[in-house]
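See structure below.
Since this is a predicted model, take the numbers as computed values, not measurements. Computed over heavy atoms, backbone and side chain alike; hydrogens, waters and symmetry mates excluded.
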Amino acid sequence: MATQGNSKTSRVSEVFKAFLLLGLTSFGGPVAHLGYFRSEFVARRKWLTESAYADLVALCQFLPGPASSQVGFALGLMRAGPWGAAMAWLAFTLPSAIVLVLFAFGAAVLEGPIASGIIHGLKVVAVAIVAHAVWGMARNLCPDPTRAGIALAAVFAVVAISGPLGQVSAIVLGGVAGLLLCRGVAAAAESDPLHFPVSRLVGIIALVLFGGLLVLLPLLAGMAIWLDITDAFYRSGALVFGGGHVVLPLLEAEVVQSGWLSADEFLTGYGAAQAIPGPLFTFSAYLGALIPSGGSLLTAMLALLAIFLPGFLLLVGVLPFWNHFRQWQWAQALMRGANAAVVGILGAALYDPVWTSAIIGPQEFALALTGFLLLSVWKLPAWAVVIVVAFGGVLIAP
């Protein structure tokens, strides 16, 4: 029993360390985060297969909430149970949340030419990480002309319909195409189940809790400032598809139009959130820290927890049923098409916003190419490539 307990503790520690490193280095937004996760947990640590990872990404793209954080939460849950899920979220989220709270309290943590150069390099390394992820996933998930065509169609769908609607539409169309065109594809490895320690009863409770809070919190709002904060940020996290930038209009309506913050304070925090690693949802910690009549470290923590909670409740609610769903033969065909569409979505996002926000000249291109070769040819771990390219950013910074 002691050995089993030590093994469980060791896995929780492993999850925390792996995600803390990612939380400190994962620049580039949710698409880049998925690339970092794929490099670390599929290619390097081999916690799950390429197709299983793509299945998980497709699922989280469908659910409201921060898709990359939901994927990280699920990976921690799969590896080390509930404590692993909690540590994955905490380690991935805490670094950026701390920086933004310090920024709200006036600490100049993002200033100076060296800091600007490092941030510039970290944006460039996101190009290498996402390109490497797209290349690796394409080889495994689009090995035939049919699925390569589905991936290409997904690129056109995302280009034609911008935002999360385009991404969801691409996955839906990819799934339909998979049902029609990919039933005859042999894929024994794709049917291997993923084991999440969540019972169906727990899943149902999570879904009921998600809906109950969504209905109950607005009724309780106005009774206390902490209830107002919980309601505002929980509703923002529950009603957003695609995560990241998509949540900004909802947050602006809750904290600016309500009079809690000025538009200048909101935009200043959003600008700071662009320059740090980790999920953009940690912007909520900055907003919570500045809310009058309650702005403090405690309200920052409350806002942070409230905005992530609905997405995690939905994920926990769906996981027990999802594993059974993906074993059906028609569902496997559907997921093959959806997985190919995920490759197309990542490929489109490699250009915009990852490439367009980072590659502004030949020096940035050379640095990104260096990072890609370090990953694909010399097989360096992602964290090492991040360090090399980040310091390269200091050298080429204007």
Over all atoms of both residues, closest heavy-atom pair of [X] and [Y]:
{"X": "Arg147", "Y": "Pro143", "value": "NH2-CG, 3.4 Å"}
{"X": "Ala154", "Y": "Gly344", "value": "CB-CA, 4.1 Å"}
{"X": "Val202", "Y": "Val316", "value": "CG1-CG1, 4.1 Å"}
{"X": "Ala338", "Y": "Ile171", "value": "CB-CG2, 4.1 Å"}

[atom1] ([X]) with more than 12 external heavy atoms under 6.0 Å:
{"X": "Trp226", "atom1": "CH2", "result": "no"}
{"X": "Trp322", "atom1": "CH2", "result": "yes"}
{"X": "Phe321", "atom1": "CZ", "result": "yes"}

Can you confirm whether [X] sits close enough to [Y] that some side-chain heavy atom of one is under 4.5 Å from a side-chain heavy atom of the other?
{"X": "Ser258", "Y": "Asp228", "value": "no"}
{"X": "Pro320", "Y": "Phe196", "value": "no"}
{"X": "Leu375", "Y": "Leu380", "value": "no"}
{"X": "Leu350", "Y": "Trp135", "value": "no"}
{"X": "Thr370", "Y": "Val389", "value": "no"}
{"X": "Leu209", "Y": "Leu213", "value": "yes"}
{"X": "Glu40", "Y": "Trp47", "value": "no"}
{"X": "Leu59", "Y": "Leu315", "value": "yes"}

Strictly under 6.0 Å, is that where the ring centroids of Phe41 and Phe19 end up?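 Between Phe41 and Phe19, the centre distance is under 6.0 Å.
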Would the Phe283 and Phe103 ring centres measure less than 6.0 Å apart?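 For Phe283 and Phe103, the ring centres are not under 6.0 Å apart.
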Please step through ring-ring contact (aromatic ring centres under 6.0 Å, His included) for the pair Phe37 and Phe92, ending with a clear verdict. CA-CA 11 Å; Phe37 291 168; Phe92 187 60; 5.3 Å; yes
Donor-acceptor pair, [X] side chain versus [Y] backbone, under 3.5 Å?
{"X": "Tyr286", "Y": "Val99", "answer": "no"}
{"X": "Tyr53", "Y": "Leu34", "answer": "yes"}
{"X": "Glu50", "Y": "Arg38", "answer": "no"}
{"X": "Ser236", "Y": "Ala232", "answer": "yes"}

For residues Ile98 and Leu287: do they belong to one hydrophobic cluster (side chain heavy atoms under 4.5 Å, members Ile, Leu, Val, Met, Phe, Trp, Tyr)?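 Yes, Ile98 and Leu287 fall within the same hydrophobic cluster.
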Salt bridge (charged side-chain N to carboxylate O under 4.0 Å, His left out): pairs with one or both residues in residues 56-84, sequence neighbours excluded: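 Applying salt bridge (charged side-chain N to carboxylate O under 4.0 Å, His left out) to every pair that reaches into residues 56-84, excluding sequence neighbours, yields Glu14-Arg79.
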Would you call the rings of Phe308 and Phe312 parallel, tilted or perpendicular, taking 30° and 60° as the class edges?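 Because their plane-to-plane angle is under 30°, the rings of Phe308 and Phe312 count as parallel.
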Report the distance from atom CG of Leu395 to atom CD of Gln363, rounding to the nearest 0.5 Å.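 So the gap between those two atoms works out to 10.0 Å.
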Within residues 90-101 or reaching into it, pairs that qualify as side-chain hydrogen bond (donor to acceptor under 3.5 Å, both in side chains) - sequence neighbours excluded: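 Those involving residues 90-101 are Trp89-Thr93, Ser96-Thr282.
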In chain order, what residues pass the side chain to side chain donor-acceptor pair (under 3.5 Å) check against Ser26, with sequence neighbours excluded?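 In terms of side chain to side chain donor-acceptor pair (under 3.5 Å), with neighbours along the sequence ignored, Ser26 is linked to no residue.
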Could you check Val125, Leu369, Val385 and say which one makes a side chain to side chain contact (heavy atoms under 4.5 Å, CB included) with Leu374?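 So the option named by the test is Val385.
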